[in-house]
Amino acid sequence: MKEQGYLMTGGAGFSRDSQNSSRSNRSLLKGSGLYKSFDKSYISDYIISRKPRIFKEATPEYLAELHVKLAARRKKEIKRKIKAMVLSLLIVSLIVLWLFLS
């Protein structure tokens, strides 16, 4: 069965819909569509009317405390990674040794 010049097979509806969609998208880009005639003034009004965010300044004491916390977290993570690598190496070596001796 032919419909609009396309042969209707298993996935023809999907491919035809895809082609129609790409054609309509292309026509939106070429013509003077909604995007070019879009009123952008309310966006600039929104940006101007928006209140600026105010952030607290970090005190030297807080920065020192944060540095100590981050250093402790980094040391803990390095130790955890080393333990995981040693355990993995031990397991792999035991498996290889078991396979070699059997």
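One hydrophobic cluster, built from ILVMFWY side chains closer than 4.5 Å, cannot hold both Val92 and Phe100; they sit in different ones. Criterion: ILVMFWY side-chain heavy atoms under 4.5 Å apart, direct or through other members. Under it, Ile95 and Leu87 are part of a common hydrophobic cluster.
Here CD of Glu65 is found 10.5 Å from CG of Leu70. Values are rounded to the nearest 0.5 Å.
Counting heavy atoms from C-beta on, the side chains of Ile82 and Lys79 never come closer than 4.5 Å.
Looking only at distances, a side-chain donor or acceptor of Ser88 sits under 3.5 Å from a matching main-chain atom of Ala84.
Remark: Glu77 does not engage Arg73 in a salt bridge, criterion side-chain N to carboxylate O under 4.0 Å.
Open room surrounds CD1 on Ile54; 12 or fewer heavy atoms of other groups in view lie less than 6.0 Å from it.
Applying side chain to side chain contact (heavy atoms under 4.5 Å, CB included) to Ile78 and the options Arg74, Arg80, Lys81, Lys76 leaves one that passes, Arg74.
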